[in-house]
S.K.: 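Attaching a single structure in structure tokens format; questions to follow.
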Amino acid sequence: MASKLKLFWMLPVSFLLLSNCLHNGANAAPQVPCYFIFGDSLSDNGNNNNLKTLAKVNYLPYGIDFPEGPTGRFSNDRNMQDVIVEYLGFQNYMPPFARAQGRSILKGVNYASGSAGIRDESGKQLVLYGHGARKFALYGIGLIGCTPYAISVYGTNGSPCVDKLNTNATLFNERLMPLVKELNTNLTDAKFTYLNPSPSPQDVLSFVTNSTCCEVGGGGGELCVRNSKPCSDRSRFVFWDAVHPTDAWNELLAESAYRTNSTSEAHPFNIQTLAKLK
Ligand SMILES: *[C@@H]1O[C@H](CO)[C@@H](O)[C@H](O)[C@H]1NC(C)=O
Ligand SMILES: *[C@@H]1O[C@H](CO)[C@@H](O)[C@H](O)[C@H]1NC(C)=O
Ligand SMILES: *[C@@H]1O[C@H](CO)[C@@H](O)[C@H](O)[C@H]1NC(C)=O
Ligand SMILES: *[C@@H]1O[C@H](CO)[C@@H](O)[C@H](O)[C@H]1NC(C)=O
């Protein structure tokens, strides 16, 4: 079971890079010239579609609300990074690396993959610093112990979530925060920020948190069953499948990452501020 968990949820950490790349100065310019995304299935937008892995979702009901249908996003519609790309003012979502070609890659690429490993990501991050990326957002791990999948695998022993998983997420985050600080100190020409967006308790109250919108059993047991019929009130569910949030929840996460003033959710900058820094 442990290896399955490792395969499917890895660390929901995304490194996003707002770098000093070329841009063509066209009208309605986005707030940053380009945007590169690294991460796992929470950010993947199709990189796994042609890989030999169980962690792929280019089938209905994934994408049921997305104009292009099932693209490989682990959501009914957009993922959190798609929403942030919109907030930053880009006209299009970042192309998945697997399909990226031509001029579109000058604006950014999404390298996130449902089986990504953190080591690869850190490696690429440093490579991008070498290529001129100067703004970095590193995401902490959310409450992985509260996913329906974690609860079904570990049980909760009376508490609402799997405490030992959340404790480990917190331990990870508590080491990531000082790392971000150290990177800001060491690399003075670059800006790093730590993000761990968490919607407010009021927001949580208006959502269903204790069940999944789709019928799960696909993949390793945590993904939607192919062609199954999902819930109709998708905007009220936190969890689309047993691990990944709905579009509605992703929007709240993105909104917080972009705008929050809470230092526990964004430190030292939210994305809006990071994007504006000279
Ligand atoms: C939590 O982290 C510890 C130390 O790395 C590890 O031994 C343990 O297996 C982790 N717990 C879970 C539930 O993954
Ligand atoms: C920051 O610089 C110090 C001193 O050179 C070094 O020991 C440390 O490993 C660096 N930290 C990072 C995260 O690069
Ligand atoms: C989920 O929570 C609601 C409200 O607390 C409750 O009525 C419902 O029975 C719960 N559903 C499950 C599957 O536990
Ligand atoms: C954050 O602080 C700024 C400046 O004080 C304020 O304009 C903005 O409305 C605040 N944002 C939120 C989401 O509270």
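Bear in mind the structure is a predicted one, so any value in this text is a computation, not a measurement. Ligands are counted one by one from 1 in listed order, and the atoms in each one are counted from 1 as well.
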S.K.: Between the main-chain N or O of Cys224 and the side-chain N or O of Tyr62, is there a donor-acceptor pair closer than 3.5 Å?
M.R.: yes

S.K.: Show the distances, to 0.1 Å, for all pairs joining an N/O atom of ligand 2 and a protein N/O atom that are shorter than 3.5 Å, listing one pair per line.
M.R.:
residue	atom	partner	partner atom	Å
ligand 2	2 (O)	Asn186	OD1	3.1
ligand 2	2 (O)	Asn186	ND2	2.3
ligand 2	11 (N)	Glu182	OE2	2.5
ligand 2	11 (N)	Asn186	ND2	2.9
ligand 2	14 (O)	Asn186	ND2	3.4

S.K.: Do Arg234 and Asp247 sit within salt-bridge range, that is, some charged N less than 4.0 Å from a carboxylate O?
M.R.: no

S.K.: Quick one: does Asn184's side chain have a donor or acceptor within less than 3.5 Å of a partner on Phe192's backbone?
M.R.: yes

S.K.: Between Leu165 and ligand 1, which residue portion shows a heavy-atom distance shorter than 4.0 Å: side chain, backbone, both, or neither?
M.R.: side chain

S.K.: On the 0 to 90° scale, with breaks at 30° and 60°, tag the Phe38-Tyr111 ring pair as parallel, tilted or perpendicular.
M.R.: parallel

S.K.: Is there at least one pair of N or O atoms, one from Asn168 and one from ligand 1, spaced under 3.5 Å apart?
M.R.: yes

S.K.: Are the side chain of Asn47 and the backbone of Ser113 linked by a donor-acceptor contact shorter than 3.5 Å?
M.R.: no

S.K.: How many angstroms lie between atom OG1 of Thr212 and atom NE2 of His244, to the nearest 0.5 angstrom?
M.R.: 12.5 Å

S.K.: Shorter than 2.5 angstrom, is that how the SG atoms of Cys231 and Cys214 come out?
M.R.: no

S.K.: Less than 3.5 Å between some nitrogen or oxygen of Thr260 and one of ligand 4, yes or no?
M.R.: no

S.K.: Enter the distance from Asn250:CG to Arg73:CZ here, rounded to the nearest 0.5 Å.
M.R.: 11.0 Å

S.K.: I need the atoms of ligand 4 closer than 4.0 Å to a non-hydrogen atom of Asn261, numbered in the order shown.
M.R.: 1 (C), 2 (O), 3 (C), 8 (C), 10 (C), 11 (N), 12 (C), 14 (O)

